[in-house]
Amino acid sequence: MSVHRIVVVGGGAGGLELVTRLGDKYGRGKDVQITLVDRSMSHIWKPLLHEVAAGVMDTATHQLSYVAQANWHHFEFAAGEMIGLDRAAKTIRLAAVPAAADEGEGDLLPERTLPYDTLVLAMGSTTNFFGVPGAQENTIALDTVEQAERFRRRLMAACVRAQNEAEAPVPQAAAQDGGDGGQRAALLSAPGRRKVNLVIVGAGATGVELSAELRNTAEVLRSYGLKLDPRKDVGITIIESSPRILKALPERVSGAVAGLLGKLDVDILCGDSVAEVRKNEVTTTGGKVLPADITVWSAGITAPAVLGTLGLAVNRLNQIEVLPTLQSKTDPDIFAFGDCASCEWPEHGFVPPRAQAAHQQASFLVKAIDARLKGQSLPAFTYRDFGSLVSLGKFSAVGNLMGGLIGGSMFIEGLFARVMYTSLYRMHVAALHGVWRMMLDTVANRLRRSTVPRVKLH
Ligand SMILES: Cc1cc2nc3c(=O)[nH]c(=O)nc-3n(C[C@H](O)[C@H](O)[C@H](O)COP(=O)(O)OP(=O)(O)OC[C@H]3O[C@@H](n4cnc5c(N)ncnc54)[C@H](O)[C@@H]3O)c2cc1C
């Protein structure tokens with residue numbers, strides 16, 4: 001019997017769970033070969049990225065090497081970005097992997113092809129800038145660790161500059177003009193004089209969660225000696241085109257979160273859209289001009305552009321259109337799931353781009369691929385919405401739980417919501433490493449936290 005080659009492209013929230021479970025199930029045998037392809041060398045759970053951006057999470061403790069995971073769970077790892085597909089030859093094309101500046105001359109890996117019998121696309125999504133002028137050039141998105149780290153470094157730099165400005169000697173002319181004390185105080189409290197302005201475009205879960213984490217970061221930086229007032233000198237504004245924040249969530253959740261953000265002095269500008277982003281300012285269609293040291297764009301998603309070039313049916317966001325079996329509507333040998341797939345959710349529209357959906361679909365695909373390998377007919381995927389939770393960092397968490405057991409939707413807030421929110425990540429870690437290692441990991445992180453600063457400072 002020939003070996004059945006399963007290639008999964010994308011080791012994110014869904015893809016890495018899938019290859020881990022397939023590897024555990026078939027990897028030790030000789031009949032099935034499982035290969036994970038990713039353009040990065042390591043995985044981080046994407047919902048942690050806003051915490052990385054705010055500096056409250058160190059990536060080093062949460063990144064997982066694909067090579068190590070492959071070794072532990074009996075699958076292969078192929079580094080490289082998928083750039084093409086030959087459906088007739090059943091191969092995918094991977095771009096060359098360039099070497100970093102200090103890794104010597106020439107590419108690390110050349111451009112190459114990889115054969116498959118079953119192909120699973122789990123390539124996630126990227127930020128959708130909706131063609132807004134200046135958005136792509138002048139904002140930071142939170143799709144990758146590199147972007148989140150870039151934001152964090154820019155935030156630290158903006159705070160240091162603002163403090164330096166505040167401490168700079170009073171200009172000669174001002175000092176002569178009526179004495180040091182009064183003039184200096186007037187200069188420092190002048191509008192915009194020493195303020196760090198952060199603008200977040202999009203009040204979905206990512207934008208909202210980031211705003212709360214940033215307020216926390218400002219307060220922590222103050223406790224480490226930064227001489228800026230965390231409330232008055234660090235301005236945080238969220239711009240949202242819908243009439244309310246968190247428009248995908250129930251109004252009660254949205255209202256409660258808006259109230260909490262108000263208490264954190266986060267300005268919310270709803271019902272206005274961004275018309276243009278310049279280097280240090282954001283203009284809205286309503287005519288407002290907001291100063292912005294850093295602008296974050298978290299206003300929508302689109303699937304990777306390459307998916308639109310593969311000859312598979314896609315929607316207007318480049319998401320692969322799939323059947324309830326998660327097979328591409330064009331090719332039964334190709335599956336797609338997670339953010340990069342458009343899967344109908346009867347009576348609700350489409351399965352939302354969420355980590356919980358990717359997790360459920362990964363579990364489903366383990367069964368579906370097993371049926372395929374046995375030559376049986378494939379089951380149909382049913383999405384179960386367990387609700388949504390929004391974390392406001394150390395301040396609170398708010399959300400709604402859904403499910404048969406509680407008979408409908410239940411509003412939750414505070415510590416219980418926070419525990420439920422963190423349990424989403426714990427479930428992901430348990431899917432990758434098992435329950436015992438997840439528990440050890442949780443304890444280790446708690447212990448580690450007592451020996452490192454609360455915000456990454458370097
Ligand atoms: C800041 C932030 C906060 C979020 N918070 C929540 C939350 O609280 N709850 C929730 O449910 N969801 C949340 N989400 C959404 C959630 O992260 C996604 O829905 C989920 O990660 C989708 O999983 P996925 O496996 O489809 O894709 P991803 O996890 O994005 O993984 C895609 C993988 O594909 C790889 N890849 C992409 N293109 C290629 C290519 N051409 N070749 C090779 N590899 C490729 C990428 O490197 C990546 O490893 C959040 C998202 C962000 C950005």
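All of these numbers come straight from a predicted model, not from anything done at the bench. Just follow the structure's listing: the first ligand is 1, and inside any ligand the first atom is 1.
The pair R278-E276 counts as a salt bridge, with a side-chain nitrogen and a carboxylate oxygen less than 4.0 angstrom apart.
In summary, the aromatic rings of H428 and H43 are positioned with their centroids under 6.0 Å apart.
Counting heavy atoms from C-beta on, the side chains of R87 and T330 come closer than 4.5 Å.
Note that the CG atom of L261 and the OG atom of S211 stand 4.5 Å from one another [nearest 0.5 Å].
Judged by the 6.0 Å and 45° rule, R252 forms a cation-pi pair with F411.
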Which N/O atoms of ligand 1 sit under 3.5 Å from a protein N/O, and at what distances?
residue	atom	partner	partner atom	Å
ligand 1	11 (O)	A355	N	2.8
ligand 1	12 (N)	A355	N	3.2
ligand 1	19 (O)	D339	OD1	2.8
ligand 1	19 (O)	D339	OD2	3.3
ligand 1	19 (O)	P353	O	3.2
ligand 1	19 (O)	R354	N	3.3
ligand 1	19 (O)	A355	N	3.3
ligand 1	25 (O)	A13	N	3.4
ligand 1	25 (O)	G14	N	2.8
ligand 1	26 (O)	D339	N	2.9
ligand 1	29 (O)	A13	N	3.0
ligand 1	41 (N)	M82	O	3.3
ligand 1	42 (N)	M82	N	2.9
ligand 1	44 (N)	R39	N	3.3
ligand 1	47 (O)	D38	OD1	2.8
ligand 1	47 (O)	R39	NE	3.2
ligand 1	49 (O)	D38	OD2	2.7
ligand 1	49 (O)	Y66	OH	3.4

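Sorted by first and then second residue, the ring-ring contact (aromatic ring centres under 6.0 Å, His included) pairs with a member in residues 72-94 read Y66-F77; sequence neighbours excluded.
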